[in-house]
Amino acid sequence: MIENLKDRLRYCEERKNQMVSFIRDMVEIESPSDNKQAVDRVSALIASRFEGMGGRIKFHRTANFGDHLQVDFESSRRQKPVLLLGHFDTVYPMGTLKHMPCQTKNGRLYGPGVYDMKAGIALMLSAIDALRAWHGEFPRPVTMLLVSDEEVGSDSSRVITEILAKKSGEVFVCEPSYGPKGAVKTARKGIGEYVLKVTGKPSHAGLDFEKGESAIIELATQVGKISRLVNIKRGLTLNVGTIQGGTRVNVVPAEASANIDVRIANMKDAKYIEKKLRALKPVNRKCKLQLSGGLNRPPMERTKTIAELYKKAAGIAKDMGWKLEEASVGGGSDGNFTAGLGIPTLDGLGAVGEGAHSTHESIEISTLPRRAALLAGLLE
C-alpha cells in the first residue's frame, strides 16, 4: 500500500504511456452521437477494459442512441458509492479522422473527442487501477456511468443518471478541466432552449401588399424585446441563434420562427425568464405568437457541499505539489442534473487541454498523471 501522495503521483507517472495508448485507442474509434453503431463500438472497447479490472458491466440499451455503460466496483465497506460520470459520444461526424488524425505533437495529443472527453475516461480507468494497487480492494463502492448522448442533450440517459446519483454520496464528473491551469468546475450555468413561432397572413408583395401581415417583421420586434432581457451581471443571457421565415421574396411572410438559447446562473432566474418569455405579446395584433421549449439542464450552483468537495480536491493537489483552481463556466454537463438534485458534485476533473469541438482539440500529456492521482485521491 502506497501512503505518500508524491509516491502515488510517481506511480501514475510510470503509467502515463498506458493512459495515452488507451486514449488513442478510443479516439481512433469515431463515435458521433447520431451513429449508434459507431458509439456502441467504442463502448464495447471501454467495457472490456473496465471488466478486466473487476468491474461489473451493465449496458442500458437504447433504440436511437448508443447503449449507456454502467460499471460497478464493489467494496467490503458498507457506504454509499461515489458516482463517476462522463460520456463517450462526440460532436464530430464520421470520417473526421481522415483530416483530423489522432497524433502526438509538441507534448500534446490531438484528435476528435480527445479532450471532450475520451481522456477523462482514461483517467477514470487509471484512478481505479491505482486504487486497487494502493489498497488491494476498493476503499468504497464506485459506480461509473458513461452515456452516449451527452453532446445532444442527454434525453435518453438523464433518468439513468439521476437514479444512480440519488444512490450516491458524491458525483465526480470527468468532463474537461477549465483553462490552461486545469481548474475544476464548481458552478455551471443552466441551459434552456426555446422556439418562438410567429404566424401572420400571406399576400402578394406587389398586388396585395397591404393585405398581408408580416411574420418576419413581428419576429424582428420580438427579438428586440428578448435581447433586452439579458443581464450580464446576473449571468443571465439569451441568444437568438437561428431564424427561419418566409417562402418567397415576393410573398409577405406568413410564418417565422426563432431558436433561443437561454443561460441562467440560478433557479430563481430560470423561473423569471420562463415567466418573461411566456408573457410576450404580439405588437401586431393580427399576428399570433407560440412559444415552446423550456429548461434543459438546471444550473449547477456552488453550494456549501460543492465548495467542500473542491477544498478536499485542492488539499490533495497541494500535498502533491501543485495548485488546483476552481472555475464557474457557462456550458452545461450531466453534472448539472446531479447537482440539481442536491448531490455534492465536482466537475471538470478530466484532462487539461484546449479546443473542444474544434479542429485543434488536444490534451496536455504531461498533466495526465497528476489528474489521475487527484481523482484516485478523491475516490478514497
Enquirer: Please report the C-alpha distance between L219 and L196 in whole Å, then the side-chain angles of each, then the deciding distance to 0.1 Å, and finally whether the side-chain contact (heavy atoms from CB on, under 4.5 Å) criterion is met.
Expert: CA-CA 8 Å; L219 180 61; L196 178 63; 4.1 Å; yes
Enquirer: For E162, enumerate each residue passing the salt bridge (charged side-chain N to carboxylate O under 4.0 Å, His left out) test, keeping only those at least two apart in sequence or located in another chain.
Expert: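 Per chain and number, E162 pairs via salt bridge (charged side-chain N to carboxylate O under 4.0 Å, His left out) with R158.
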Enquirer: Does any non-hydrogen side-chain atom of M300 lie less than 4.5 Å from one of I306?
Expert: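 They are in contact (side-chain heavy atoms under 4.5 Å apart), so the answer is yes.
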Enquirer: Can you see which heavy atom on I316 is nearest to which on G377, and at what distance?
Expert: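 Of all heavy-atom pairs spanning I316 and G377, the closest is CD1-C, 3.6 Å.
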Enquirer: List for me each residue that meets ring pair (Phe, Tyr, Trp, His ring centres under 6.0 Å) alongside F337, sequence neighbours excluded, and say none if there are none.
Expert: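 With neighbours one apart ignored, the set is empty.
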Enquirer: Kindly determine whether R8 and E380 satisfy salt bridge (charged side-chain N to carboxylate O under 4.0 Å, His left out), including the steps that lead there.
Expert: CA-CA 13 Å; R8 293 182 172 194; E380 292 179 298; 2.5 Å; yes
Enquirer: Sorted by first residue and then second, give each salt bridge (Lys or Arg N to Asp or Glu O under 4.0 Å) pair with at least one member in residues 203-212; sequence neighbours left out.
Expert: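 Applying salt bridge (Lys or Arg N to Asp or Glu O under 4.0 Å) to every pair that reaches into residues 203-212, excluding sequence neighbours, yields D208-K211.
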Enquirer: Count the heavy atoms belonging to other residues, nucleotides or ligands that lie under 6.0 Å from CZ of F209, then report whether that count exceeds 12.
Expert: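 Check fails, neighbour count at 12 or below.
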Enquirer: Examine distances only and state if a side-chain atom of E13 and a backbone atom of L368 form a donor-acceptor pair shorter than 3.5 Å.
Expert: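 Not confirmed, E13 side chain does not pair with L368 backbone.
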Enquirer: Please give me the minimum heavy-atom distance between G335 and V173, naming the atom from each residue.
Expert: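 Looking at all heavy atoms of both residues, the shortest contact is CA-CG2, 3.9 Å.
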Enquirer: With a 4.5 Å heavy-atom cut-off, do V142 and P81 have their side chains touching?
Expert: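 A side-chain contact under 4.5 Å is absent here.
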Enquirer: Apply side-chain contact (heavy atoms from CB on, under 4.5 Å) to the pair I121 and F50, showing each step before the final yes or no.
Expert: CA-CA 10 Å; I121 298 171; F50 282 95; 4.2 Å; yes
Enquirer: Can you find a pair of side-chain heavy atoms, one from E308 and one from K312, that are under 4.5 Å apart?
Expert: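 Result no, sub-4.5 Å side-chain heavy-atom pair not found.
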Enquirer: Taking it one step at a time, do T186 and L346 satisfy side-chain contact (heavy atoms from CB on, under 4.5 Å)?
Expert: CA-CA 6 Å; T186 53; L346 191 60; 3.9 Å; yes
Enquirer: Evaluate the side-chain proximity of P141 to Q79: yes if any heavy-atom separation is below 4.5 Å, no if none is.
Expert: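 The answer is yes, as the side chains (C-beta and beyond) meet within the 4.5 Å cut-off.
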Enquirer: Determine yes or no for a side-chain-to-main-chain donor-acceptor pair under 3.5 angstrom, with E361 supplying the side chain and V114 the backbone.
Expert: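 At least one qualifying donor-acceptor pair exists.
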Enquirer: Can you pull the ring-ring contact (aromatic ring centres under 6.0 Å, His included) pairs that have at least one residue in residues 137-187, sequence neighbours excluded?
Expert: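 Output for this query lists F73-F138.
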Enquirer: What's the separation between atom CG in N336 and atom CG in D347, rounded to the nearest 0.5 Å?
Expert: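 CG of D347 is found 7.5 Å from CG of N336.
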Enquirer: Once salt bridge (Lys or Arg N to Asp or Glu O under 4.0 Å) is applied, what residue pairs with a partner in residues 62-73 remain, sequence neighbours excluded?
Expert: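 Listed by first then second residue: K36-D67, R56-D72, R61-D67.
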Enquirer: Just checking E14: does its CD atom have more than 12 heavy atoms from other residues, nucleotides or ligands closer to it than 6.0 angstrom?
Expert: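 Yes, because the 6.0 Å sphere around CD of E14 holds more than 12 heavy atoms from other groups.
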Enquirer: Would you find a donor on one side and an acceptor on the other, under 3.5 Å apart, between the side chain of H204 and the backbone of G206?
Expert: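 Yes; at least one donor-acceptor contact below 3.5 Å.
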Enquirer: Assigning hydrophobic clusters by single linkage (Ile, Leu, Val, Met, Phe, Trp, Tyr; side-chain heavy-atom cutoff under 4.5 Å), is I57 placed with I128?
Expert: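 In one cluster: yes.
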Enquirer: For atom CD of E74, decide whether the heavy atoms of other residues, nucleotides or ligands shown that lie under 6.0 angstrom number more than 12.
Expert: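 Atom CD in E74 is not crowded, with 12 or fewer foreign heavy atoms closer than 6.0 Å.
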Enquirer: Show every salt bridge (Lys or Arg N to Asp or Glu O under 4.0 Å) that has at least one partner inside residues 231-246, sequence neighbours left out.
Expert: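 Every salt bridge (Lys or Arg N to Asp or Glu O under 4.0 Å) pair that includes a residue of residues 231-246, provided the two are not neighbours, is R234-D269.
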Enquirer: For the CG atom on N106, are there more than 12 heavy atoms of other groups (residues, nucleotides or ligands in this structure) within a distance under 6.0 Å?
Expert: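 No, not enclosed.
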Enquirer: Using modelled atom types only, decide if a donor and an acceptor are shared between the side chain of Y310 and the backbone of L324 within a distance under 3.5 Å.
Expert: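 Judged by distance alone, yes, a pair lies under 3.5 Å.
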Enquirer: Look at the side chain of E30 and the backbone N and O of A38, then say whether any donor-acceptor pair between them is shorter than 3.5 Å.
Expert: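 No: the side chain of E30 does not pair with the backbone of A38.
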Enquirer: For the residue pair T62 and S156, confirm or rule out a side-chain donor-acceptor distance under 3.5 Å.
Expert: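 Distance-only check fails for T62 and S156.
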Enquirer: Got a donor-acceptor contact below 3.5 angstrom from the T345 side chain to the I343 backbone?
Expert: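 Yes; at least one donor-acceptor contact below 3.5 Å.
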Enquirer: Would M267 and V329 show up in the same hydrophobic cluster when neighbours are defined by side-chain heavy atoms closer than 4.5 Å?
Expert: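 M267 and V329: separate clusters.
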Enquirer: If I compare all heavy atoms of A372 with all of L123, which pair ends up nearest, and what's the gap?
Expert: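 So the two residues come closest at N-CD2, 3.7 Å.
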Enquirer: side-chain contact (heavy atoms from CB on, under 4.5 Å) for V39 and S31? Distances and angles first, verdict last.
Expert: CA-CA 4 Å; V39 175; S31 53; 4.1 Å; yes
Enquirer: Find the distance between CG (L145) and CG (L69) and round it off to the nearest 0.5 Å.
Expert: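 So the gap between those two atoms works out to 8.0 Å.
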Enquirer: Could you tell me whether a side-chain N or O of S168 sits under 3.5 Å from a main-chain N or O of V171, the two making a donor and an acceptor?
Expert: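 A pair under 3.5 Å: no.
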Enquirer: Pairs in or reaching into residues 78-117: which pass ring-ring contact (aromatic ring centres under 6.0 Å, His included), with residues at least two apart or in two chains?
Expert: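 Qualifying pairs: none.
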Enquirer: Does a donor on one side chain and an acceptor on the other come within less than 3.5 Å for R188 and S333?
Expert: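 There is such a pair (donor and acceptor under 3.5 Å, judged by atom type) between the side chains of R188 and S333.
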Enquirer: Look up atom NE2 in H68 and atom CD in E150, then write down how far apart they are to the nearest 0.5 Å.
Expert: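 If we round to the nearest 0.5 Å, H68:NE2 and E150:CD are 11.5 Å apart.
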Enquirer: With a cut-off of 3.5 Å and sequence neighbours excluded, list every side-chain donor-acceptor pair involving residues 282-290.
Expert:
unit_1	atom_1	unit_2	atom_2	d
N284	OD1	K286	N	2.9
N284	ND2	E213	OE1	2.9

Enquirer: With a 4.5 Å heavy-atom cut-off, do I363 and R108 have their side chains touching?
Expert: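 Not touching, per the 4.5 Å side-chain cut-off.
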Enquirer: Please report the interatomic distance CG(L238) to NZ(K276), rounded to the nearest 0.5 Å.
Expert: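 Between atom CG of L238 and atom NZ of K276 there are 12.0 Å.
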Enquirer: If Ile, Leu, Val, Met, Phe, Trp and Tyr residues are connected whenever their side-chain heavy atoms lie under 4.5 Å apart, and connections chain through other members, are M144 and M53 in the same group?
Expert: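 Linked within one cluster.
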Enquirer: Enter the distance from R263:CZ to I273:CD1 here, rounded to the nearest 0.5 Å.
Expert: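 R263 CZ to I273 CD1: 14.0 Å, rounded to 0.5 Å.
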Enquirer: With sequence neighbours excluded, tell me which residues meet side-chain contact (heavy atoms from CB on, under 4.5 Å) with E325.
Expert: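 For E325, the residues satisfying side-chain contact (heavy atoms from CB on, under 4.5 Å) (neighbours in sequence not counted) are K181, A183, K323.
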Enquirer: Show every donor-acceptor pair shorter than 3.5 Å between a side-chain atom in residues 16-27 and any protein atom, with sequence neighbours excluded, or say none if there are none.
Expert:
unit_1	atom_1	unit_2	atom_2	d
R24	NH1	C102	O	3.1
R24	NH2	T104	OG1	3.1
D25	OD2	R49	NH2	3.0

Enquirer: Are L83 and M117 linked, directly or through intermediate hydrophobic residues, by side-chain heavy-atom contacts shorter than 4.5 Å (ILVMFWY only)?
Expert: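 No, because M117 and L83 fall into different hydrophobic clusters, even though each may have its own neighbours under 4.5 Å.
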Enquirer: Checking T90 now: which residues fulfil side-chain hydrogen bond (donor to acceptor under 3.5 Å, both in side chains) with it, not counting sequence neighbours?
Expert: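 In terms of side-chain hydrogen bond (donor to acceptor under 3.5 Å, both in side chains), with neighbours along the sequence ignored, T90 is linked to no residue.
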Enquirer: Is the count of non-hydrogen atoms from other residues, nucleotides or ligands lying under 6.0 Å from L295 atom CG greater than 12?
Expert: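 Count over threshold, so yes.
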Enquirer: T143 versus Q70: any side-chain heavy-atom pair under 4.5 Å?
Expert: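 In short, these two side chains touch, coming nearer than 4.5 Å.
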Enquirer: Hey, does K197 have a side-chain heavy atom less than 4.5 Å from the side chain of S292?
Expert: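 Not in contact.
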Enquirer: Salt bridge (charged side-chain N to carboxylate O under 4.0 Å, His left out) with D334: which residues, sequence neighbours excluded?
Expert: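 Per chain and number, D334 pairs via salt bridge (charged side-chain N to carboxylate O under 4.0 Å, His left out) with R297.
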Enquirer: Indicate yes or no: at least one non-hydrogen side-chain atom of Y194 is less than 4.5 angstrom from one of I226.
Expert: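 SC-SC contact between Y194 and I226 ruled out.
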Enquirer: Hey, any chance V152 and I191 share a hydrophobic cluster, counting ILVMFWY side chains that come within less than 4.5 Å of each other, even indirectly?
Expert: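 No, separate clusters.
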Enquirer: If you draw a 6.0 Å radius around NZ in K225, do more than 12 non-hydrogen atoms from other residues or ligands fall strictly inside?
Expert: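 More than 12 within 6.0 Å, yes.
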